[in-house]
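Here the structure comes first, spelled out in structure tokens, and everything after it is commentary.
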Amino acid sequence: MTIDIRKTAIAALAALSLVPAAAAPAHALGKKDKAFIAGAATAVVAGAVINNMRNNGTWPFAAGQPRYAAPAQPQYYVQPRTTYSAAPQRVTYQPRYVAPSVHSTPAAQAFRELSPQMRREVQISLARYGYYSGSIDGAWGPGTSGALEAYARDSGRAGQLGTVSGAYGIMDGLSG
């Protein structure tokens, strides 16, 4: 019969940790002292149980741990072969035409420089002639721009909208 020194030491330590608790009167120990002794006893007992499970082969976590196994053959790094292909085709993008905004035309600039009362008079005149159907608000927008272009085209003065002074001439005829 062999004596397992480890088990004996654990049992002795467990017994010795319980001796002070039994020897000292209960009222002499404080709350923290009792908690320390209980924790130490629990750690000793839990350690003994865990070691017993490991030694008996009933440890539940032993099967899931990976084990290192040396490879059957030595493995060396082999650099992959370089493959060459045709150069990628260069993609060229053609600029696309973007029509200028109605707010960046010379007619818009001329309209913005008119007084608010004159802007409304231009819109009222365009509405009276049937070119404008929006609200009379004195603001330049697609409705006012389209109406002024249609009026200038029908009156034969469409070329004058290309300059600020020509747009002034058309709007001056409408407002006054």
Side-chain angles (χ1 to χ4, degrees), residues 30-40 42-43 45-47 49-51 53-54 58-176:
K31 194 174 191 179
K32 291 184 180 180
D33 296 331
K34 289 179 186 178
F36 172 75
I37 292 171
T42 304
V45 172
V49 170
I50 289 173
N51 284 333
M53 289 175 73
R54 281 187 185 156
T58 58
W59 182 246
F61 306 111
Q65 292 184 357
R67 304 252 183 233
Y68 174 75
Q73 299 176 355
Q75 296 180 357
Y76 301 102
Y77 174 74
V78 178
Q79 187 166 354
R81 294 183 186 200
T82 305
T83 56
Y84 296 98
S85 61
Q89 296 294 325
R90 177 173 273 217
V91 178
T92 57
Y93 295 100
Q94 297 296 326
R96 64 183 178 99
Y97 173 75
V98 178
S101 168
V102 296
H103 300 284
S104 63
T105 60
Q109 182 180 354
F111 189 81
R112 280 192 302 269
E113 292 176 3
L114 294 177
S115 69
Q117 179 59 37
M118 287 186 72
R119 292 182 202 171
R120 284 191 287 276
E121 287 178 12
V122 168
Q123 287 179 333
I124 290 170
S125 297
L126 289 171
R128 191 177 304 128
Y129 293 137
Y131 292 104
Y132 183 68
S133 60
S135 63
I136 308 298
D137 54 3
W140 181 263
T144 307
S145 173
L148 189 63
E149 289 173 8
Y151 173 77
R153 183 182 56 245
D154 290 347
S155 63
R157 301 175 5 183
Q160 291 181 351
L161 288 178
T163 63
V164 176
S165 61
Y168 272 134
I170 293 172
M171 288 183 222
D172 188 40
L174 288 170
S175 65

- Derivation and outcome, side-chain contact (heavy atoms from CB on, under 4.5 Å), residues L148 and L161: CA-CA 9 Å; L148 189 63; L161 288 178; 4.0 Å; yes

For [X], give me all partners under side-chain contact (heavy atoms from CB on, under 4.5 Å), at least two apart in sequence or on another chain.
| X | result |
| --- | --- |
| R81 | none |
| T82 | Y84 |
| D154 | Y131 |

- Give a yes or no answer on whether the side chain of Y132 reaches the backbone of S135 with a donor-acceptor pair at less than 3.5 Å.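 Yes, Y132 side chain to S135 backbone: donor-acceptor pair under 3.5 Å.
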
- Do any N or O atoms from the side chain of W140 and from the backbone of V102 form a donor-acceptor pair under 3.5 angstrom?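 Yes, W140 side chain to V102 backbone: donor-acceptor pair under 3.5 Å.
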
- With sequence neighbours left out, what residues match Y129 under ring pair (Phe, Tyr, Trp, His ring centres under 6.0 Å)?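 By the ring pair (Phe, Tyr, Trp, His ring centres under 6.0 Å) rule, Y129 matches Y151.
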
Kindly give the heavy-atom pair with the smallest separation between [X] and [Y], and that separation in Å.
| X | Y | answer |
| --- | --- | --- |
| I170 | Q160 | CG1-OE1, 3.4 Å |
| Q123 | D137 | OE1-N, 3.1 Å |
| A167 | P106 | CB-O, 4.3 Å |

Side-chain donor/acceptor pairs under 3.5 Å, residues 110-117, sequence neighbours excluded:
residue, atom, partner, partner atom, Å
R112, NH1, H103, O, 3.0
E113, OE1, Y168, OH, 2.3
S115, OG, M118, N, 3.2
Q117, NE2, E121, OE2, 3.4

